[in-house]
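Remarks on the structure that follows.
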Amino acid sequence: MFGIPEPWWSVIRAVVWALFIIIFLAVNAIVAVWLERKVSGRIQRRIGPQRVGRPIGWAQTIADVFKLLVKEDVRAEATDKWVFLLAPAIPFAAITLMFLVVPWGKNLIPLNLNIGLLFVVAVTSFEVLGLFMAGWGSNNKWALLGAMRTAAAMISYELPMVLAILAVGMTAGSLNMNDVVNAQSRVPFILIQPVAFLIYYIASLAEANRTPFDFTEAESELVAGANIEYSGLRWAFFFLAEYGSLVGTSAIAATLFLGGWRGPILPGPVWFLIKTYLLVYVAMWIRWTLPRVRIDQLLDFGWKFLLPLALADIAVTGIVLALL
Amino acid sequence: MPDNLRSTPITMPDEGARELVVNMGPQHPSTHGVLRVKITLNGETLEAADPDIGYLHRCFEKIAEGITYPQVMPYTDRTDYVAAITDEWAYALAAERLLGVEVPERAEYIRVIMGEVQRLLSHLIWFGSFAMDMGAVTPFLYAWRERETGYDFMETVTGTRQLYNFLRIGGVRNDIDDDGWQALDRFLKAMDQALIEYDTLFTKNPIFEVRAKGIGPLSAEEAIAFGASGPVLRGSGVARDLRRDEPYSVYDRLDFAVPVGSSGDAYDRYLVRMLEMEQSLRIIRQAIKQIPPGDIQGKVPKAMKPTGEAYARVEAPKGEVACYLVGNGTVNPYRMHWRSPCFTHLQLLPHWAPGNLVADMVVLIGTIDIILGEVDR
Amino acid sequence: MNWQLVTFYILGLVILYAAYRVVTSAVITHAALWLAVALVGVAGIYLQLQAEFLAIIQVLIYVGAIVTIIIFAIMLSPLREIKTEEKDRRGGATRMGRAVASVEWGLAPVAAGLLFALGMTWAYSRQAWPVGSVPPGLITEPLGKSLMTTYLLPFEVASVLLLVAMVGAIVLAIRGQK
Amino acid sequence: MKVADIGKAAVNIAKGLGVTFGEQLKKPITNFYPDTPATVKDGYRGVPVLVQLPTGEFTCTACMACVRACPIGIIQLDTVMVDRKRAMDEFRLEVGRCLQCNLCVESCNFDALVMAPEFELASYTREPLVLYKNDLAKLYAKYFWPKEGEEHHFPARVTSKHHAPGAGTGTPRGPRAAKIAQTGVTLTPGGGGGEPAGKTPVGASVPAESAREATGTTRPQDTGAQKAGEGA
């Protein structure tokens with residue numbers, strides 16, 4: 001294309017996509033934090049930020065970013081040096097990888113992997129590893145408790161999540177994200193697989209560390225959990241990953257269940273963003289309504305309710321598919 | 001290897017122990033002030049909790065020995081700073097008994113109204129922070145919203161928002177004027193709506209139910225043995241309310257129910273407090289109808305130099321607040337002792353803690369509605 | 001220049017070093033994290049062989065599940081067992097030298113790693129694997145089919161084995177509670 | 001878990017979500033505090049300030065009742081002998097420690113102290129929180145001096161309902177105060193009607209003698225005031 005030889009063309013393509021995803025995640029964190037403040041404000045009859053960037057406070061998060069940039073990067077003497085220093089990069093890297101297989105529009109996909117769905121599940125497991133490293137490396141008791149919770153919780157919600165994604169794969173007849181979107185050209189999967197959507201959405205709230213499943217950092221119990229010892233830019237990376245994870249899981253949910261970029265009149269990427277941020281908003285709405293569950297209750301809920309439900313959903317899907 | 005030989009010390013009480021000892025507080029978001037609880041954890045399960053108090057100690061009882069009787073009143077505000085009126089009330093009752101002062105009827109009704117509004121305000125703060133301990137931030141701000149109308153009323157009547165110094169020995173400082181009555185009306189209306197909203201938003205929330213049910217159970221016998229009072233005692237099924245059982249002021253002329261729990265867990269104590277808020281609204285409405293005209297300040301001796309001793313207790317939002325006063329014929333009290341319910345309830349923490357999770361710890365602290373100003377005095 | 005060979009060597013070195021650190025790490029958590037690195041490296045080799053499915057399953061199962069379970073197990077174990085010996089305050093070079101010179105930390109693992117690397121290089125140079133012979137994107141279906149037909153018995157035996165392991169773990173956990 | 005329970009739980013969560021969604025549609029109740037000044041209720045107790053008449057005279061008689069009434073002893077009063085009678089020379093109030101309990105105001109038999117609804121006192125150091133008589137008089141002028149063309153009301157009228165029982169009638173107590181109130185002094189503060197602390201002698205220290213001459217009032221006996229201070 002454009003007279004550039006093939007191997008170089010794919011390199012340029014990869015670099016452009018990588019830059020795009022990283023910039024998107026950075027901008028997303030700014031927008032999502034602002035949105036969270038505004039949504040929580042409205043729910044609580046407040047107005048949220050409004051001073052920096054009047055009248056809607058659009059520059060508040062940008063100001064916060066600058067504040068974090070100039071803050072001191074503190075590392076305590078007793079921390080596990082390399083584990084502590086590397087930990088913030090890993091959740092962010094995982095989220096960036098996750099966006100590799102998310103289609104933005106027709107033929108607008110960074111990497112058209114034929115097993116994109118599995119890829120998503122695989123890379124998200126890194127995120128938990130990063131939180132665990134942060135909790136362990138901090139050598140702080142509260143952080144260690146947060147790390148313990150992370151490891152325990154992950155096993156219980158990843159399984160139902162994978163099964164819910166599998167149900168979508170079965171319905172679409174493919175694990176390719178593009179195929180899944182194309183299979184929803186008539187009816188979005190939320191109508192065909194409502195149970196799978198619920199399971200995925202609940203599990204994704206746990207994945208993104210959102211209330212009611214935000215016990216990894218549960219500020220009223222563990223003060224700040226795994227990232228308690230971090231400051232400045234390293235802490236900002238956790239924040240970036242947290243909101244990236246929120247928008248990432250929402251984007252996957254939008255692609256798998258709401259028809260992805262498909263929609264009338266507007267171009268694909270616009271529809272994709274609308275659907276994604278609709279789900280982001282729902283997650284925020286849920287966060288500012290519900291109390292936090294206890295860790296053992298999440299494990300109970302995951303193993304005794306979500307997992308059997310997901311298995312039943314897969315069984316029913318299989319039978320229906322076999323009969324059709 | 002360079003890194004391998006480095007140790008990663010995790011502080012432990014002693015070598016070979018399984019437990020992790022963690023300081024919860026004095027700087028912790030959920031200890032409602034400067035409470036430090038030393039908790040021993042096995043995994044995430046609590047094995048012991050050891051409350052450490054005194055971070056807010058101000059020698060209140062000793063200070064009272066050096067100042068005159070009227071001057072003690074502002075200090076009583078600062079024990080339970082979210083329910084100042086009821087604390088003033090306990091002191092005023094004790095001082096009136098010591099001095100033999102009669103309180104005019106209108107003043108008594110004003111005290112009842114202010115005291116019950118104060119109970120509502122205190123329970124609102126407790127409701128909000130209890131919800132926030134469980135991770136629900138929004139009920140906190142809704143509670144703050146209603147509290148604002150309540151504090152508008154308090155400010156209109158007393159001139160300050162939190163530490164009123166409103167009660168006087170033998171009466172109250174001033175009457176409630178038209179602005180005050182209107183503000184009270186607005187507050188009552190807001191509370192009627194708010195209680196319904198709280199129930200829909202939080203009381204019936206299944207996550208809240210599973211978080212609170214079965215946490216911190218307290219049988220009736222245990223509650224009595226621990227010296228519990230107020231909602232903690234009533235949540236365990238003991239129907240004891242000083243306003244009904246040992247009526248002071250004009251409570252014997254007012255009709256209200258005493259809500260009582262059954263299993264004595266955090267959920268029951270929650271419900272008892274929520275139902276108490278309804279009863280408080282009822283009491284205020286009756287008091288508004290019954291309030292007679294007249295003086296608001298009884299006859300007080302010019303120089304207060306009583307001898308003897310007096311003990312008075314009132315039903316404060318958190319339990320029984322009591323004041324023991326001894327006078328020796330000088331202008332200063334000879335001795336004063338303050339009974340604060342939170343101090344008594346704090347000993348329930350080590351009793352409850354073993355076997356619960358860290359997440360339950362904040363629920364347990366929240367369920368006794370702790371105010372550190374009262375614990376430390 | 002054979003780029004594939006270069007990436008293979010780089011990956012191989014990463015895997016070998018990570019594996020070496022797994023067995024020599026004094027801190028068990030570090031060992032678990034190095035194991036994750038080694039496993040991801042193996043996934044990289046799968047990717048190089050255009051076995052995307054295997055690579056992703058490798059990450060999903062080994063990093064997502066196995067390493068997490070290992071970490072979970074570390075977290076469940078008493079703290080004294082994951083605490084390590086006292087800090088060695090002597091110079092880094094001396095420590096390094098002592099470590100490499102010792103059989104336990106240096107010679108044995110390095111020798112094993114070198115042997116393995118030599119074996120792998122020999123196998124790779126003999127073209128023992130059909131590199132690039134599978135058309136990309138079609139590995140999933142034949143894999144599933146062969147697992148459900150030709151290799152059904154081993155597949156089921158493996159799952160029974162896992163089940164037995166699971167039941168055993170539960171039994172141990174219950175006994176430990178009493 | 002029964003199916004019915006799960007259904008009920010889902011319905012209750014949905015109802016809770018409904019509540020928060022409904023609140024989103026309502027208007028925020030935020031006060032834009034520094035942009036729009038905060039209001040306090042009538043008779044808010046902020047800082048006890050010294051009454052200074054528009055003539056520049058303090059009504060304080062230096063009876064020390066407030067000094068004795070203060071539970072924490074943050075009031076200091078220096079006296080000076082004028083014509084063999086005590087008069088207030090300097091008045092020192094440590095606002096940073098003030099309990100705002102109103103006991104000093106209630107103890108004053110001459111209504112020379114009054115609570116001003118001042119609450120924006122935050123500062124980086126403690127020094128600005130120690131107020132002397134001129135600072136207090138400035139605060140008094142800020143809140144109780146008449147606006148342009150208005151008649152000056154004696155502060156007891158303004159804050160009557162928050163005075164001690166007996167003072168709640170709206171008439172100032174004490175012979176001197178009564179006399180001043182009857183004069184009904186009207187005055188337009190100098191310096192453009194806004195902040196009166198400019199050229200006018202409001203903030204300035206006025207010698208007790210000249211002040212006394214200006215109003216021509218007589219000083220009551222100190223002994224009576226002392227007793228009253230004890231009783232209040």
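Every chain is numbered from 1, with letters handed out A, B, ... down the list of sequences. Note that the structure is a prediction, hence the values are computed from the model and not measured.
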> Can you check side chain to side chain contact (heavy atoms under 4.5 Å, CB included) on B:L163 and D:Q100, steps first, answer last?
Replying inline: CA-CA 8 Å; B:L163 305 165; D:Q100 299 163 340; over 6 Å; no
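- More than 12 heavy atoms of other shown residues, nucleotides or ligands fall within 6.0 angstrom of atom CG in D:D35.
- B:M73 contributes atom CE, which lies 13.0 Å from atom CG of D:N102 (distance to the nearest 0.5 angstrom).
- More than 12 heavy atoms of other residues, nucleotides or ligands sit less than 6.0 Å from atom OH of B:Y81.
- Of the two parts of B:F166, neither the backbone nor the side chain holds a non-hydrogen atom closer than 4.5 Å to a non-hydrogen atom of chain D.
- Proximity to chain B involves both the backbone and the side chain of D:I72, based on heavy atoms less than 4.5 angstrom apart.
- Under 4.0 Å is where a charged nitrogen must lie from a carboxylate oxygen, and between D:K41 and B:D152 at least one such pair does.
- Residue B:E102 qualifies as open at atom CD: its count of foreign heavy atoms under 6.0 Å is 12 or below.
- Residue B:Y69 does not touch chain D at all, counting heavy-atom pairs closer than 4.5 Å.
- Checked by atom type and distance alone, the side chain of D:R45 never pairs as donor or acceptor with a backbone atom of B:E155 at under 3.5 Å.
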> Could you go step by step and tell me if D:L99 and B:N165 meet the side chain to side chain contact (heavy atoms under 4.5 Å, CB included) rule?
Replying inline: CA-CA 9 Å; D:L99 298 176; B:N165 190 25; over 6 Å; no
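- Heavy atoms closer than 4.5 Å to chain D are found in the side chain of B:I67, but not in its backbone.
- A salt bridge does not link B:E209 with D:K8: every distance from a Lys NZ or Arg NE/NH1/NH2 to an Asp or Glu carboxylate oxygen is 4.0 Å or more.
- A 6.0 Å sphere centred on CZ of D:R97 holds more than 12 heavy atoms belonging to other residues, nucleotides or ligands.
- Scanning both residues, B:P206 and D:N12, for their nearest heavy atoms gives CD-CB, 3.9 Å.
- The line from CG of D:L103 to OG1 of B:T68 is 8.0 Å long, rounded to the nearest 0.5 Å.
- How far CD1 of D:I13 is from CD1 of B:I207: 4.5 Å, rounded to the nearest 0.5 Å.
- With a threshold of 4.5 angstrom between heavy atoms, B:T138 approaches chain D through side-chain atoms but not through N, CA, C or O.
- Looking at B:E197, its side chain never comes within 3.5 Å of a backbone N or O of D:V19 through a donor-acceptor pair.
- Between D:E23 and B:R145 there is a side-chain heavy-atom pair separated by less than 4.5 Å.
- Separating the OG1 atom in B:T158 from the OH atom in D:Y44 is a distance of 9.5 Å, to the nearest 0.5 Å.
- If you tally non-hydrogen atom pairs under 4.5 Å between each of D:G16, D:P117, D:C101 and chain B, the highest count goes to D:C101.
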